[in-house]
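Quick notes on the structure that follows.
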Amino acid sequence: QLHLRKCYSLLRCNLSVWDSDEPVPRAELLKGVADAHGLLCLLSDKIDAEVLNAAGPNLKVISTLSVGFDHLAIDEIKKRGIRVGYTPDVLTDATAELTVALLLATARRLPEGVEEVKNGGWSTWKPLWLCGYGLSGSTVGVIGLGRIGLAIARRLKPFGVKRLLYTGRQPKPQAQEVDGEYVPLDTLVRESDFVVVSCSLAPDTQSLCDKTFFSKMKKTSIFINTSRGAVVNQEDLFEALSSGQIAAAGLDVTTPEPLPTSHPLLTLKNCVVLPHIGSATYSTRGVMSALTANNLLAGLTGSEMPSELKL
Ligand SMILES: O=C(O)C(=O)CO
């Protein structure tokens, strides 16, 4: 039992805690959630009708330690009148930074270079050895110029990016700040030297990056995804990378997560895969955790949440 003091109330909660950095096993979640009034979850916890039924009618708030909410069955949640808290804004900078790091690592072939140093492949300085692609004078296309997409664009512009294209549901006034040009997806894919995926996963973005998409990219272009793995058809990406249809890809997100170590994408030198670490800085995860707890408390007391998802 824990007493949590918030400025607006003193709340007495019984906490059922999965005390580990590993995700809670499904069976434990289904058992532990029974009769709960609130649920704090991770993006790896699929909160569907089964979990909601296991929780029962007491459940009034779900607070997720993530900005993404594709792991939540929103229709089912809405139907039951449950409120949802999430963590926008606080992870924008960390995720944008990681995206830039992944883009540069992929385009300048850093993991390959590090490997060559370790395995004796570095014989001498050679004019064309480990050449990659630079941002200076390039065209960057951002799919989804939301909070994170804009933060990525802001960071990339000072590298000398010539044109910044973006696409999404509608033009964004804030794109002015980065001289962003709102273009159809087709134009973005055909004209960009770097295609950066920063949209949320929704029915209209599921498998958006498929065979047709990659076939329109330039052979010298780099594909980066730090949003959700399911935006990409991975078989089509493998084909595009192994056939030389595109130059390279950097992925912080995959389907599934973790990506099995035997996955074909991991055999490719021109594919850099990270284990979903976009927001993984100590301070960001600390702020995300506090926000998630405060969203939960506000939901439990029926108060205004610091960050409530509009359903
Ligand atoms: O918050 C999210 O949605 C992430 O993907 C990790 O921070």
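In this text, all values refer to a predicted model and were calculated from it rather than measured experimentally. Residue numbers run from 1 in the order of the sequence given. Each ligand, and each atom within it, is numbered from 1 in the order the structure gives. All values below were derived from every heavy atom in this structure, side-chain atoms included, with hydrogens, water molecules and symmetry-related copies excluded.
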Filter on side-chain hydrogen bond (donor to acceptor under 3.5 Å, both in side chains), then keep only pairs touching residues 96-105, sequence neighbours left out; what's left?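 Found Thr99-Thr226.
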
List, pair by pair, the atoms of ligand 1 and of the protein that are both N or O and lie under 3.5 Å apart, giving the separation rounded to 0.1 Å.
residue	atom	partner	partner atom	Å
ligand 1	1 (O)	Val67	N	2.8
ligand 1	3 (O)	Val67	N	3.3
ligand 1	3 (O)	Gly68	N	2.8
ligand 1	3 (O)	Arg228	NH2	2.7
ligand 1	5 (O)	Arg228	NH1	2.7
ligand 1	5 (O)	Arg228	NH2	3.4
ligand 1	5 (O)	His276	NE2	2.8
ligand 1	7 (O)	Ser279	OG	2.6

Between Ser192 and Gly141, is there a donor-acceptor pair closer than 3.5 Å when you use the side chain of the first and the backbone of the second?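 Indeed, once roles are kept as given, a pair shorter than 3.5 Å links the two residues.
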
Under 3.5 Å: donor-acceptor pair, side chain of Asp93, backbone of Ala96: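 Not confirmed, Asp93 side chain does not pair with Ala96 backbone.
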
Under 3.5 Å, is there a donor-acceptor pair between the Asn225 and Ser227 side chains?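 The answer is yes; a qualifying pair exists.
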
Describe, in one word, how the ring planes of Phe214 and Phe223 are oriented to each other, choosing from parallel (under 30°), tilted (30 to 60°) and perpendicular (over 60°).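 Aromatic pair Phe214/Phe223 classed perpendicular.
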
Distance in Å, Arg169 CZ paired with Leu145 CG, rounded so as to fall on 0.5 Å steps: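 It comes to 13.0 Å.
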
